[in-house]
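Whatever order the structure lists ligands and atoms in, that order sets their numbers, starting from 1. In what follows, every heavy atom counts, from backbone to side chain, and hydrogens, waters and symmetry copies are set aside. Residue indices begin at 1 and follow the sequence shown. Quick caveat, the model's predicted, so the values are computed rather than measured.
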Amino acid sequence: MYKHLIAPSILTADFLHLEKEIMMVNSSDADLLHLDIMDGVFVPNLTFGFPVIRQIKKVSEKPLDVHLMIVDPDRYLEAYRDVGADWLTVHYETCQHLHRTIQKIGELGMKPAVSVNPHTDVSLLEPVLGDINMVLVMTVNPGFGGQKFIQGSYKKIRKLKKMISEGGHKTLIQIDGGVTEVNISGLIEAGVDVFVVGNTIFSAPDPHQVIRNLKNPK
Ligand code: DX5
Ligand code: ZN
């Protein structure tokens with residue numbers, strides 16, 4: 001049976017004990033480790049940079065899924081590869097020459113993905129669906145963990161699923177923001193392949209169990 005993937009986002013993890021948090025993810029059923037990179041310009045928040053990612057790469061046994069919420073990401077594609085990104089997601093809204101950016105990510109040996117903000121129509125990605133490994137549909141406005149899932153996202157996910165199957169593509173659908181143990185089943189049904197989950201995992205008393213529940217929802 002096809003199983004959806006879980007990508008814990010460390011945005012709301014305990015940064016004083018980051019190694020411990022990553023070890024927890026290593027020993028869990030999670031599939032990827034999601035890292036949120038914010039520049040304080042594209043989104044109203046800042047997170048961490050290259051030295052931190054390099055250290056994370058040393059301890060993570062899961063591939064690094066790096067989500068760039070930064071303007072002009074072209075300047076740094078190589079640098080993210082060098083610190084260990086396996087998947088690299090850029091935002092549609094930040095790329096002047098999206099196709100060129102995607103090509104470059106692939107040439108550097110990473111898996112390219114493109115993200116769309118809640119207000120951005122997924123139809124805009126139709127021309128590049130065959131060139132990317134994944135589309136990341138933001139299901140909250142990017143910038144912070146622990147926000148409420150935007151209900152209008154279901155329609156968008158279904159539309160994207162249809163575009164992918166009609167085009168005969170293998171592109172995965174990832175969502176990010178407000179995923180819980182309650183809404184995950186309906187989202188799998190809508191066609192989501194990869195779930196980024198922050199707060200639901202890292203604020204739980206037993207994060208291991210939560211990841212198990214998210215992998216095997218009722
Ligand atoms: C939001 C980030 C997310 C965030 C999701 O801008 O891209 O990855 O960590 O967090 P939750 O699951 O708490 O909504
Ligand atoms: Zn993210």
Side-chain angles (χ1 to χ4, degrees), residues 4-15 18 21-22 24-25 28 30-49 52-53 56 60 62-71 73 76 80 85-94 105 110-120 132-154 156-157 172-188 192-205 207 210-211 213-215 217:
H4 57 281
L5 308 181
I6 301 292
S9 158
I10 59 164
L11 191 58
T12 40
D14 178 358
F15 276 76
L18 201 48
E21 301 278 52
I22 292 164
M24 180 284 290
V25 175
S28 77
D31 302 277
L32 303 168
L33 185 67
H34 185 85
L35 305 181
D36 287 306
I37 310 301
M38 305 185 186
D39 66 354
V41 180
F42 179 60
V43 287
N45 200 3
L46 285 161
T47 54
F48 44 87
V52 177
I53 304 173
I56 291 173
S60 178
K62 310 285 180 182
L64 301 188
D65 171 32
V66 179
H67 176 194
L68 298 184
M69 286 160 273
I70 63 173
V71 294
Y76 300 110
Y80 283 106
D86 297 286
W87 294 70
L88 195 66
T89 302
V90 292
H91 265 260
Y92 173 86
E93 300 84 4
T94 63
I105 295 172
M110 297 174 285
K111 293 192 168 82
V114 177
S115 181
V116 283
N117 274 340
H119 71 274
T120 304
I132 55 181
N133 289 74
M134 186 164 76
V135 173
L136 167 51
V137 176
M138 287 307 300
T139 44
V140 295
N141 283 295
F144 306 93
Q147 302 182 81
K148 209 165 154 271
F149 182 90
I150 296 171
Q151 290 301 322
S153 310
Y154 283 96
K156 234 170 143 175
I157 294 161
L172 299 175
I173 300 178
Q174 180 180 46
I175 62 163
D176 188 355
V179 176
T180 67
E181 291 177 65
V182 176
N183 64 14
I184 192 164
S185 306
L187 289 160
I188 294 170
V192 178
D193 305 287
V194 188
F195 292 87
V196 176
V197 192
N199 201 49
T200 296
I201 293 173
F202 288 99
S203 67
V210 173
I211 295 174
N213 297 345
L214 291 165
K215 277 296 267 190

Between [Y] and [X], is there a side-chain heavy-atom distance shorter than 4.5 Å?
X: Y76; Y: L68; result: no
X: H4; Y: L187; result: no
X: I175; Y: S153; result: no
X: N117; Y: Y92; result: no

> Which protein heavy atom lies closest to atom 12 (O) of ligand 1, and at what distance to 0.1 Å?
Replying inline: G198 N, 2.8 Å
> Of the protein's non-hydrogen atoms, which lies at the shortest distance from atom 1 (C) of ligand 1, and what is that distance?
Replying inline: F144 O, 3.5 Å
> At a non-hydrogen distance cut-off of under 4.0 Å, which region of N199 contacts ligand 1 (side chain, backbone, both, or neither)?
Replying inline: both
> With sequence neighbours left out, what residues match N199 under side-chain hydrogen bond (donor to acceptor under 3.5 Å, both in side chains)?
Replying inline: none
> Residues in side-chain hydrogen bond (donor to acceptor under 3.5 Å, both in side chains) with T139, at least two apart?
Replying inline: none
> Do you know how many protein N, O or S atoms are within a distance smaller than 2.8 Å of the Zn ion (ligand 2)?
Replying inline: 4
Answer yes or no: is there a donor N or O on one side and an acceptor on the other, between the side chain of [X] and the main chain of [Y], under 3.5 Å?
X: K62; Y: S28; answer: yes
X: N133; Y: A113; answer: no
X: T200; Y: V179; answer: yes
X: K111; Y: M134; answer: no
X: H119; Y: N141; answer: no

Contacting atoms of ligand 1, where contact means under 4.0 angstrom from a heavy atom of [X]:
X: G177; result: 14 (O)
X: H67; result: 7 (O)
X: V196; result: 8 (O)
X: V197; result: 12 (O)
X: G145; result: 10 (O), 13 (O)
X: D36; result: 2 (C), 3 (C), 4 (C), 7 (O), 8 (O), 9 (O)
X: G146; result: 11 (P), 13 (O), 14 (O)
X: M38; result: 6 (O)

Is there any N or O on [X] that sits under 3.5 Å from an N or O of ligand 1?
X: D176; value: yes
X: S9; value: yes
X: T12; value: no
X: M138; value: no
X: M69; value: no

> Nearest non-hydrogen atom to atom 6 (O) of ligand 1 belongs to which of G143, G178, P8?
Replying inline: G143
>> Is there a side-chain hydrogen bond (donor to acceptor under 3.5 Å, both in side chains) between D36 and T47? Walk through the geometry before answering.
In response: CA-CA 7 Å; D36 287 306; T47 54; over 6 Å; no
>> In terms of relative ring orientation, are H91 and H67 parallel, tilted or perpendicular, with 30° and 60° separating the classes?
In response: parallel
>> Measuring from non-hydrogen atoms of F202 to any atom of ligand 1, is the shortest distance under 4.0 Å?
In response: no
> Given the rule in the side-chain contact (heavy atoms from CB on, under 4.5 Å) test, do E93 and T120 qualify, once you have shown the distances and angles that lead to the verdict?
Replying inline: CA-CA 8 Å; E93 300 84 4; T120 304; 2.5 Å; yes
Name each donor-acceptor pair under 3.5 Å that joins a side chain in residues 39-46 to protein atoms two or more places apart or in another chain, with its distance.
residue : atom : partner : partner atom : Å
D39     : OD1  : V41     : N            : 2.8
D39     : OD1  : F42     : N            : 2.8
D39     : OD2  : V71     : N            : 2.8
N45     : ND2  : G143    : O            : 2.8

